[in-house]
Each structure stands twice: as C-alpha cells, then as structure tokens.
Amino acid sequence: MTKLTRDFYNRPTLEVAQALLGKVLVFDNYHAIITETEAYIGLDDPACHAHKGRTKRTEVMFGPAGYSYVYLIYGMYHCLNFITEEEGIAAGVLIRGAKLITEPYLNLNGPGKLCKFLQITKHHNCIDIVESDNFYVIDQNVTPIFKATPRIGIKKGIDKLWRFESIT
DNA sequence: ACCCCGATCGTA
DNA sequence: ACGATCGGGGTT
C-alpha cells in the first residue's frame, strides 16, 4: 500500500491510464478502486480540452504531472483527471469509474457520479495529489485485465482506443 | 456582450 | 431518445 509518486504520473499518458486501473483513489475518508479511465493527450488530440492551446481552464494540463484537473461539464457535473507527462505537455487521465472499498461500497460508475458522491468540485482543481494527505492514489499491487475501447461522449477522436476498463 | 457547445446522467 | 443546466471559449 504505497502512495504513487510523481514518477508514476510523469510518463506516457496511455501507460498511466492503464496503470491506474486497480489502484486505489483516496479522497478524505473514502477508498475506491479505479475501474475505468480515459487518456487525453496534448495538442494533436482533438478531444483534449487543451488541444487548441493554453487557456485559464487548461493551464493545469500544461503543468507538471501529479496534479488534479477538475472541470464542470454540462453545467451540472464535475469530472476528475490526473495530469500526466512532463511540464509543457498538456495531457491527463480522466477517472471514469471506481468502486468504493469502504462504506457504502457503491460502484461509482461514471465520472459525474464519482465526483458527485465524493463531493469533488472545481475547488479541488490543481491540487498536488503527490503531496496532499487527503487526496492521492495508492498501489495495492492489483493488476486487473482490461479492455481498450473508444472514449465515451466525444465527437472527435473516436478512432482512438484510449478508454480502458477493468474486466477482472 | 452574446452565442453555442459540451470528456454526463437519469428517466422514458 | 431526450432534456436539464451553466461555465468556457470564440466571436462581435
């Protein structure tokens, strides 16, 4: 049960997105095993928020790995991402699903549902999850089998198989 | 200042 | 299949 270090996040995003499956998200008193992720990678990925360049919202995506990126979508839901790759490369992993392994053992299947339950909001944007003591990810040495599919809910970039889902 | 769109979800 | 709901980004 070791906390993931910056080196874990500071590498190719597809590797991180796959490696996050089976890891445990710790947020306040909740522990949830990550079951579904998506990669969003840089200026060449039309589905990536930062693909048109730096804005106030996407600023954190250009920063160093190991930070949170939380944004509001559809005016109603928040989505949680972890920033990957070296500073200057705008990339991250969307946490689409996780199962609580503490009470009340809910399956938080969906990025909006996950943030709603954990009460993650834009106030949790740009937090260093390597240094935080109530918002981080740990390795419990579980390596699930997973499948790769197109990302959900996007219109551009559906040709990429950048969504990863545990099947064990 | 205005307009359009969106990395969703629950209901039908 | 569809509506709820509103911030961000591009345009004027």
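Quick caveat: nothing in here was measured; it's all calculated off a predicted structure. Within every chain, numbering begins at 1; the chains are lettered A, B, ... in the order of the sequence lines, protein sequences first and strands thereafter.
How far CD1 of A:I101 is from CG of A:L25: 10.0 Å, rounded to the nearest 0.5 Å.
The CD1 atom of A:I73 sits 9 Å away from the C1' atom of B:dC5 (whole-angstrom rounding). Going from atom CG of A:L80 over to atom P of B:dA7 covers 16 Å, rounded to whole Å. If you measure from atom NZ of A:K155 to atom P of B:dG6, you get 4 Å, rounded to the nearest angstrom. Distance NZ (A:K52) to C1' (B:dC5): 10 Å, rounded to an integer number of Å. Taking atom CZ of A:R54 as the reference point, atom P of C:dG10 lies 15 Å away to the nearest angstrom. One interatomic measurement links the two molecules: CZ of A:R151 to P of B:dA7, which rounds to 10 Å at whole-angstrom precision. If you measure from atom CZ of A:F164 to atom P of B:dA7, you get 18 Å, rounded to the nearest angstrom. Following rounding to the nearest Å, A:H123 (NE2) and C:dG7 (C1') show an atom-to-atom distance of 13 Å.
Shown here for A:S68 and A:V60, the closest heavy-atom pair between the two residues is O-CG2, 3.6 Å.
In summary, of the residues considered (A:L4, A:T5, A:V24, A:L20), a side chain to side chain contact (heavy atoms under 4.5 Å, CB included) with A:D139 occurs for A:L4 alone.
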Set out, line by line, the N/O atom pairs under 3.5 Å between protein and nucleotides 9-12 of chain B.
unit_1: B:dC9; atom_1: OP1; unit_2: A:G110; atom_2: O; d: 3.3
unit_1: B:dC9; atom_1: OP1; unit_2: A:P111; atom_2: N; d: 3.0
unit_1: B:dC9; atom_1: OP1; unit_2: A:G112; atom_2: N; d: 2.7
unit_1: B:dC9; atom_1: OP1; unit_2: A:K113; atom_2: N; d: 3.1
unit_1: B:dC9; atom_1: O4'; unit_2: A:Y77; atom_2: OH; d: 3.3

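Salt bridge A:E165/A:R163: present, at least one basic N to carboxylate O contact under 4.0 Å. Classification of A:K3 and A:D133 as a salt-bridged pair fails, no side-chain N sitting under 4.0 Å from a carboxylate O.
Stacking annotation: A:Y40 is stacked on the base of B:dA7 (ring centroids less than 5.5 angstrom apart, interplanar angle below 30 degrees).
Hydrophobic clustering (side-chain heavy atoms under 4.5 Å, transitive across Ile, Leu, Val, Met, Phe, Trp, Tyr) groups A:I127 together with A:V130.
By the 6.0 Å and 45° rule, A:R11 does not stack over the aromatic ring of A:Y9. The side-chain tip of A:R96 does not point at the ring of A:F164 from less than 6.0 angstrom away and within 45° of straight on.
Aromatic pair A:F27/A:Y136: ring centres not closer than 6.0 Å.
The side chain of A:H49 lies closest to B:dA7 when the candidates are C:dG9, C:dG10, B:dA7.
Among the duplex regions that DNA chain B forms, those built from at least three successive Watson-Crick or G-U pairs under 3.5 Å are B:1-6 with C:6-11, B:8-11 with C:1-4, ordered by first number.
Among the atoms of the strands shown, only primed sugar atoms or phosphate atoms (P, OP1, OP2) are found under 4.0 Å from some heavy atom of A:L72. Residue contacts for A:R57: at a heavy-atom cut-off of 4.0 Å it reaches the sugar-phosphate backbone alone, with no base atom in range.
OP1 or OP2 of C:dG8 has at least one side-chain nitrogen or oxygen of A:K122 nearer than 4.0 Å.
The base of B:dA7 sits within donor-acceptor range of the side chain of A:Y71, with an N or O pair under 3.5 Å.
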